[in-house]
Amino acid sequence: MIKSPFSFQETLKHILWEGFLAMESKLAKGYEPHDVERKRYQIWEEGGYFCANEFSQKPSYSIVIPPPNVTGVLHMGHALNNTLQDILARWKRMSGYEVLWMPGTDHAGIATQNVVEKQLASEGCDRHEVGRERFVERVWQWREDSGGQIIEQLKRLGASCDWQRERFTMDEGLSKAVREVFVRLYEDGLIYRANRLINWCPRCHTALSDLEVEHEDKKGHLWYLRYPVAGSERHLIVATTRPETMLGDTAVAVNPDDERYQDLIGQSVRLPFVDRVIPIVADSYVDMNFGTGVVKITPAHDFNDFELGKRHDLPQINIFDESGIINDQGGPYSGQERYEARANVVADLESLELLEKVENYQNAVGECYRCRTVIEPFLSLQWYVKVDSLAQPSIKAVQEGSTRIVPDQWQKTYFDWMFNLQDWCISRQIWWGHRIPAWYCEQCEGITVSREDPSACSHCGSSKISQDSDVLDTWFSSALWPFSTMGWPDKTETLAKFYPTSCLVTGFDILFFWVARMMMMGLKFMNDVPFQDVYIHALVRDAQGQKMSKSKGNVIDPLHVIDEYGADAFRFTLTSFAAMGRDIKLSIDRIAGYRNFCNKLWNASRFALMNLNDFDPDSVELERIELSDADRWVLTRLVDTIHRTKVALEEYKFNDAASTLYTFTWHSFCDWYIELIKDELYGGDPSAKQRVQSVLFVVLETLLRLLHPFMPFITEEIWQNLPGLRPSDTIMYAPYPDGRGIPVDTHAAERMDLVMDVIRAIRNVRGEMDVPPGKQIEAVIECKSDKSAAVLERGELAIRTLGKVSQLTIGQNLEKPSQAATQVTGDVEILLPLSGLVNVDEEIQRLKKEISKARKDVDFFKKKLSNEQFLANAPSEVLQKDQRKQAEAEKKLGILLASLEKMESLGL
RNA sequence: GCAGGUAUAGCUCAGCGGGAGAGCACUCGCCUCACACGCGAGGGGUCGCUGGUUCAAUCCCAGCUACCUGCACCA
């Protein structure tokens, strides 16, 4: 026989009841996100509800998506970022704005090229064998086949982007914008070419901007090398972390004030292996206290040495090729890879007794942010953007508030960076990207920069010209995103309607990469800021607070979360934790908590639908019916929730909005209101039933609209199943609640709070005293004022039902039962006759606990109010409030003490 | 080294100068006719440390300690 936790009768009752529910309710017993999400999203998308109309008369609200990499897959950062944008977009759309949320992806030059190069490698060839043209074709093909997966994943999240406008940074239009910007900046003298040390990735074979290099402390060594002083038996000892670069040394340097080496300044040392005599120079850059106070100088392979070399007019000897292999300047080491060369140089120095010693040493090594290869400072000719004149207006715009950075602590970071800008290296030696529109003349060596591909040199007219083989940094095109996506350089209706954008939502990690550069380009080319607000959100970390990364294996895949818990629960979790200025530590059980919240909403709605079968929403006339205190209470709380939500959203306090809605939904609506109206729904009074049906409907329908930006799927699904006709095809275009038409009655709400306090007091005694939940009890409620008595008499039914009270007496100067548990709230004394329910000792214990709490209160206020300084200085409302609280506490203590005395006398 | 941030219940975090809050976890009692992804009740905190301002400080100011994140790094 199968063991069942239920008796046969109970099981049967269950089966019958479930059957009844299935017939009565249109909704399933638990919320099942899968089908709902797929179905609803499809309807929205096919209905064109995400589309923006630039010809609309409505006020505009626009957001451009931070374009994810075309190679990317959705991670937690994207999920948070796009959830917040979607909340804003849906909120504004419902609030009557014409909303454009512009989606798209960027071409991620290096990352995408790497993907396709790996493909080629697996086929046993490389891009050079394939050739530039065919390689670029392959990349396009790759994008066609497997790029942009993230777009479909954003849809799973519920993102309401205008997909018909989806853009890609390599699109024709955006490429045209890139070209226009390059040419104009060049013509304005803001783009130039220079031969400098740059960060070079020997694996990607390209230059990187300063921002694309990530520094990480690594364990290494400090080698002390002995350089023989020319024409002497002396040696100078230099310390270095990179011994192989000695092949490119063109000097050694000491501090001019260093007494140890005064006599050597101006002399030379003989460099081993390459047999070069190099000078000993004096420069204040050298720190006398570090190492030996002597530095080897390699101008072609170190940024500091490069600067020093310029001061002393030293030659720059490049010893590497573009793969980091020693070139023919490296003498015997020519052809060796840099680390191999290092090992050999060290070994050979040692055998020549030129290695003084080796120490362990930790220092920060720059790595390529795309492939983690150690970058090489490399001397090469590159294109730069001169940022000074572009940065000035961008700084001013934020200072003057044309663009607001939220939270404002990020402003400081923005300014810090803007004030210390280096020129931006924009050329990349890869093939995938916007090719630099510059042509070099074989004849006159002039450069032709042009909007249209030229056929002749603009200087000498020669047709022997060839285009620069480099492409532009991906961030160059991303910097134009807010206007290039809207059709610039053409003057479009879209730009007129939606530029500048209303808000940019992004993570702080790309504040410099992207936000600052968009500011510069927007102001330069649109003469206006690209966005009014910039909302910087947190980073999503794992439950331990660590950055999620594949190598740590602590990534939570958003799509798995959506599969398991539903998009709405996931979104609500992210939103709840999106407090300003703090990172999000995400763990699965938190998501489960919000899954439960979805289920709660679902079941409250099921309850409502079951009880609204015979209800016609058109009959609702809240103004004309006599509402109960409970009705007025829930409606007042609802309006309060509406206002709080609005304020929170306006201030980008997403977590506040979420918690306000959570608390109202669960604790006000479900825990109290639904419980309060059951008597009237199931009772025999048709007018009472219709009244609570009206309020139930209004509250639920309003709540769904309030919640929709946060939980789009479940709210639409329920909303569509409400009785009667909806004012629009989709909740997406139903007006966002503003509280109008909903009566607010704070006095009634206060009355209801008293009733609820009494119910809580009864439940407290029951719970503390282990009275079985099903057991009906007796209660005597002694009121010290007419007002309380009247309020509680009106709440009688609620007290009976929710307190499980069968015999209830409410009034003043009542006859008190001889043995009763006592509880006090406000000026109301609640007496629960023991009559065998509770034993006296337990009640004594409980009373003692209550008394100690009350006594603490009394002492607290007594002390506070006996302080003359407080009486003299505190504002009168604070004073009055505290006096009232003291009186209340004293009254409560008195009642409890009297009750205890009585109990103890009984016990004896 | 410079800058910024953070320290509040076991965990994760809200918090607006006037008696410390939530969610989760925990304890007790419940399959009560929307929901056990649930209901009711309860326990739990010297608000990092030291000073200062104030009638009043978790909140404002200064210093200290610890952790986090940027940026810059002396080879």
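Between A/R846 atom CZ and B/G43 atom P there is a gap of 12 Å when expressed in whole angstrom units. Atom CG in A/L511 sits roughly 11 Å away from atom C1' in B/G70 (whole-Å rounding).
Pairing of B/G17, defined by two Watson-Crick or G-U wobble distances under 3.5 Å, is not identified with any nucleotide. A 3.5 Å limit on both hydrogen-bonding distances identifies no Watson-Crick or G-U partner for B/C73. Under the Watson-Crick or G-U wobble criterion, with both distances below 3.5 Å, B/A22 is paired with B/U12. For B/C67, the paired base is B/G5 (Watson-Crick or G-U wobble, both distances below 3.5 Å). B/G29: Watson-Crick or G-U partner is B/C39, with both key distances under 3.5 Å.
Looking at A/D217, its side chain comes within 3.5 Å of the base of B/C73 through a donor and an acceptor atom. Donor-acceptor pairing under 3.5 Å, judged by distance alone, is present between the side chain of A/R595 and the base of B/C37. Between the side chain of A/Q409 and the base of B/A3, no donor-acceptor pair of N or O atoms lies under 3.5 Å.
Within the nucleic acid shown, A/K849 comes within 4.0 Å of sugar-phosphate atoms alone, with no base atom in reach, counting heavy atoms only. In this structure, A/L871 reaches neither bases nor backbone, as no heavy-atom distance under 4.0 Å exists between it and the strands shown. Using a 4.0 Å heavy-atom distance criterion, A/N611 is classed as making no nucleic acid contact. Within the nucleic acid shown, A/H667 comes within 4.0 Å of sugar-phosphate atoms alone, with no base atom in reach, counting heavy atoms only. At the heavy-atom level, A/Y31 lies nowhere under 4.0 Å from the strands shown. Within 4.0 Å (heavy atoms only), A/W223 reaches no atom of the nucleic acid at all. Using a 4.0 Å heavy-atom criterion, one finds that A/E868 contacts no nucleic acid atom at all.
Here the side chain of A/N599 is nearest to one of B/A34, B/C35, B/A14, namely B/C35.
Defined by atom type and a distance below 3.5 Å, a donor-acceptor pair is present between the side-chain atoms of A/Q823 and A/N764. Residues A/D249 and A/T298 have side chains that bring a donor and an acceptor to within less than 3.5 angstrom of each other.
Residue pairs that meet the salt bridge (charged side-chain N to carboxylate O under 4.0 Å, His left out) test with at least one member in residues 408-417 of chain A, sequence neighbours left out, do not exist here.
Between A/Y682 and A/S659, the residue whose closest nucleotide on RNA chain B is further toward the 5' end is A/S659.
The gap from the C1' atom of B/C61 to that of B/G21 amounts to 26 Å, rounded to the nearest Å.
Test A/F415, A/F508, A/F512 against A/W410 for ring-ring contact (aromatic ring centres under 6.0 Å, His included) and you get one pass: A/F508.
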